[in-house]
Amino acid sequence: MDPETHRALHRLRAADLHAQAEAHRLATAARPNRDLRSRVGWTLVELGLRLATPRSTALAH
């Protein structure tokens with residue numbers, strides 16, 4: 001392959017990778033904080049498990 005062609009392809013690919021990296025950085029920065037969402041989600045799971053688990057009733061006979 002001609003060195004100039006190879007160099008041109010390399011520059012195009014590098015520019016494409018830089019654009020993808022920048023888009024990823026912007027998307028990551030725009031994402032909402034997952035900490036609160038995660039805590040609420042696990043709390044709901046715990047509540048659901050408590051509701052789904054039958055209570056043991058101690059019957060005195």
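For this chain, numbers begin at 1 and follow the sequence in order. Fair warning: this is a prediction, and the values are worked out from it, not measured in the lab.
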Do Arg39 and Leu36 come within less than 4.5 Å of each other through their side chains, counting heavy atoms only? yes
Partner residues of Thr28 under the side-chain contact (heavy atoms from CB on, under 4.5 Å) criterion, sequence neighbours left out: His24, Arg31
Separation of Arg13 CZ from His18 NE2 (nearest 0.5 Å): 11.0 Å
Start with the C-alpha distance between His10 and Arg7, add both sets of side-chain angles, then the distance that settles side-chain contact (heavy atoms from CB on, under 4.5 Å), and finish with yes or no. CA-CA 5 Å; His10 172 73; Arg7 191 167 142 198; 5.5 Å; no
Nearest 0.5 Å please: distance from the CG atom of Leu49 over to the CG atom of Leu44. 11.0 Å
In Å and rounded to the nearest 0.5 Å, what is the CD to CG distance from Glu4 to Leu9? 11.5 Å
